[in-house]
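We're numbering straight along the sequence, starting at 1.
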Amino acid sequence: MRTKPSRRGEGFATLLMVAPATVLFAVMLVVPVGLAVYLSLTDWDGYSARPHVVGTANYAHLFGDPVMRHAATVTLLAAIVGTAGMNLLGLGFAVLVNGSSRANRFLRVVLFYPHVLSALVVGFLWSAILGTTGAVNSLVTAHGGDVLPFLSDPTWAVVTMIAVLIWAGFGVNVVLYLAGLQAVPASLVEAARIDGASRWQVFRHVTLPALGPVVTVNVVLSLVTLLKTYDLVVSLTAGGPAGQTQTVAYLILWNSFHDNRLGFGSAQSVVLMVVTAALALIVTRLRRRGEMAVYS
């Protein structure tokens, strides 16, 4: 008889502790997602008192829009190439600066610093460096060369944008890989060296498998971040030239607030959210299968 009130009291106390997080989760995520799904079924312009329901017309237009298809292609290209570049550079530099010397500590700060800057600032910075009248082209033309079309040629602009995305984001990967490297058991490394393994063999067969969970986290974080790229595009290329560097997130904001098509923008947001979640789940599952295959 005494245990029942105590269990009820514990349950009530648990509910009280969980309630703030639950309410915050609902207000910050569930409600906005539900509202976005509802608005995606309307033609709301952001001003009308009552949105007019149009069903799946926004989605039909979305999947048939060539501008959206191009933006999706650019976004996927930036996400795939950028994720690979961030992780390869992050792991490579993490191995190089994995030590306790002053030089390594200084290099860690330098490598992480680009991530501290706002993406808008990064875009304006590289635009001033690589733009038609930027620092690089000013030096080239001063020595009699032709202007390099870093941001004026469609292909060059996409490549430049992806390169800047990698430069701005790989510092986080360096930090996470450093944490993973420092968690690798030293006994395993010493045992492999005693057995005659080279540095590459130790890295390939001991260090890299131990970094499996860190690789999964880094890949998923990089992929999700790059799929939502918007602010750097605004300050670096403004979607140009001729809309060739527009990403899905950039189009969502443009359609929603510039063209006042919040219903269509909401449909784009819902599709981007679903694709991002699906890709994150697929990558996580594939990485876990790879980790299980290594340890089995």
Backbone of [Y] reached by a side-chain donor or acceptor of [X] within 3.5 Å:
{"X": "Asp45", "Y": "Ser48", "answer": "yes"}
{"X": "Ser127", "Y": "Gly123", "answer": "no"}
{"X": "Thr83", "Y": "Val219", "answer": "no"}
{"X": "Thr42", "Y": "Leu39", "answer": "yes"}
{"X": "Ser256", "Y": "Leu253", "answer": "no"}
{"X": "Asp153", "Y": "Thr155", "answer": "yes"}
{"X": "Asp65", "Y": "Val67", "answer": "yes"}

Under 4.5 Å between any side-chain heavy atoms of [X] and [Y], yes or no?
{"X": "Gln246", "Y": "His70", "value": "no"}
{"X": "Pro241", "Y": "Ser152", "value": "no"}
{"X": "Lys228", "Y": "Met273", "value": "no"}
{"X": "Thr245", "Y": "Thr160", "value": "no"}
{"X": "Pro51", "Y": "Tyr38", "value": "yes"}
{"X": "Asn137", "Y": "Thr133", "value": "no"}
{"X": "Leu232", "Y": "Trp126", "value": "no"}

- Message: Using 30° and 60° as the class boundaries, would you call the ring planes of Trp254 and His258 parallel, tilted or perpendicular?
- Response: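 Answer is parallel, since the angle falls under 30°.
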Using a 6.0 Å cut-off, check whether atom [atom1] of [X] has over 12 heavy atoms from anything other than its own residue.
{"X": "His52", "atom1": "NE2", "result": "no"}
{"X": "Asp146", "atom1": "CG", "result": "no"}
{"X": "Arg69", "atom1": "CZ", "result": "yes"}
{"X": "Arg105", "atom1": "CZ", "result": "yes"}

- Given Leu96, Val97, Asn98, the one that forms side-chain contact (heavy atoms from CB on, under 4.5 Å) with Asn104: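 Single side-chain contact (heavy atoms from CB on, under 4.5 Å) partner of Asn104 among Leu96, Val97, Asn98: Val97.
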Pairs under 3.5 angstrom only: tabulate donor-acceptor contacts from the side chains of residues 161-187 to other protein residues two or more places apart or in another chain.
residue : atom : partner : partner atom : Å
Asn173  : ND2  : Asn218  : OD1          : 3.3
Asn173  : ND2  : Ser222  : OG           : 3.2
Tyr177  : OH   : Asn87   : OD1          : 2.8

- Task: Show the numbers, then the answer: is there a side chain to side chain donor-acceptor pair (under 3.5 Å) between Tyr59 and Ser40?
- Result: CA-CA 8 Å; Tyr59 293 97; Ser40 70; 2.7 Å; yes
